[in-house]
Amino acid sequence: MSDFLKLEKLTLNYGGPTPAVENLDFSMQASELVALLGPSGCGKTTTMRAIAGLMKPASGTIMLDNRDITRVPANKRGVGLVFQSYALFPHLSVFENVAFGLRLARVSSADIKRRVDAVLASVGLSHLADRQPRELSGGQQQRVALARSIVVEPKLLLLDEPLSNLDARLRLEMRSELSRLQDELGITMIYVTHDQAEALALADRIIVMREGRIEQSGTPEDIYERPVSIFVANFMGFENCFELTGGKLKGIAPAGFETGSAAGIAWRPHAVLLGQGAHKGTVVGASYLGQVVEYLLSTPLGDIKAEALASAPRHGMGEEIAFDLPQAGAVLLARR
Ligand SMILES: Nc1ncnc2c1ncn2[C@@H]1O[C@H](COP(=O)(O)OP(=O)(O)OP(=O)(O)O)[C@@H](O)[C@H]1O
Ligand SMILES: [Mg+2]
């Protein structure tokens, strides 16, 4: 199967001393949903802008559906883009907001009616077709923006943090909505987020970016369970990440297992065993998180975050407790 979208050695520059994105190689298949994940400033939006045709690459090529679109104008690419700020037309009804692109393309009135009605139904907004944007909730406006980009049937839909304006509950609701739409319509999507949970829940594949380059690309399971570097592990909730020197953590060989040539080792807070083990730490912080209490321990290895069930006896500030960093739950990291 040939690649549906293929970026080759893409370098994007705003004119600064270092490019915002450098030598990016990446490809995806039709109907795939790829999440682009990474910290602020790593080049996610810049990459989207280039794919959409809003920015000219300094070098490299973009192929879409077997066609070189590197120099094709934005409006001839068949790429839809939904931004974080969804900028609906305030004076147009929901129906007309969604119909806008089709009217521009001179689609017949009957076809517009049919297509807009179908898309509004699929995002659950049929009953609000006559409302103005200001009469809608944030989540409903978000869905209008989504409907507007889907109705023109883009070959590729780019979503740049489309849920970031929504509260936690609406985010969850929209997340499953998106997932369902993607299954139903088979749209090829790139979904930009800096929320790891969102990426894990939605994506067929996750690409983690770091400073304008790809740090790791893989299935959600790959990225969550087998991060390749301290950078990715940190991002994926391994809050206890340590560099290894000669296989040792601060001069101490992790008990009972081989670290080989790994550059780092990491544990999630729940993997740290509290109340037993060869290490000792002092409680310097405790946060009640509902199900669990998260403790911050000051230890000779550095700060350690550990979790205990909230129903277990609590540890007080300043208390010294033993802990263990067991092999089960440890992940070895090839790079820093
Ligand atoms: N218009 C611009 N002019 C100059 N530099 C820019 C411009 N837009 C972005 N940059 C720079 O390019 C780099 C990548 O920015 P980009 O917007 O792609 O980051 P991002 O990954 O989308 O971050 P965020 O998660 O904050 O949205 C950053 O260093 C940023 O400062
Ligand atoms: Mg951005």
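Every number for a ligand or one of its atoms is a count from 1 in the order of the listing.
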Suppose I only count heavy atoms of Thr46 and a 4.0 Å limit; which atoms of ligand 1 are within that range?
14 (C), 15 (O), 16 (P), 17 (O), 18 (O)
Between Arg268 and Glu307, does any NZ, NE, NH1 or NH2 come within less than 4.0 Å of an OD or OE carboxylate oxygen?
no
Are side-chain N/O atoms of Glu198 and Tyr191 paired as donor and acceptor at under 3.5 Å?
yes
Would you please determine whether Glu161 falls within less than 4.0 Å of ligand 1 on a heavy-atom basis?
yes
Hey, looking at atom 14 (C) of ligand 1, which of Gly38, Gly15, Gly41, Pro19 has the closest heavy atom?
Gly41
Decide whether the shortest distance between a heavy atom of Cys42 and an atom of ligand 1 is less than 4.0 Å.
yes
Which atoms of ligand 1 are found less than 4.0 Å from any heavy atom of Ala20?
12 (O), 13 (C)
Please check if any side-chain donor atom of Glu239 sits under 3.5 Å from a side-chain acceptor atom of Asn234, or the reverse.
no
Run the numbers for me: atoms of ligand 1, each under 4.0 Å from some heavy atom of Thr45, listed by number.
17 (O), 18 (O), 20 (P), 22 (O), 27 (O)
Whether the Thr61 and Asp68 side chains hold a donor-acceptor pair (N or O, under 3.5 Å, no angle test) is what I'd like checked.
no
Hey, is there an N, O or S on Ser40 sitting under 2.8 Å from the Mg ion (ligand 2)?
no
Please tell me whether His91 and Gln132 have a donor and an acceptor in their side chains that are separated by less than 3.5 angstrom.
no
Donor on one side chain, acceptor on other, Thr46 and Tyr14, under 3.5 Å
yes
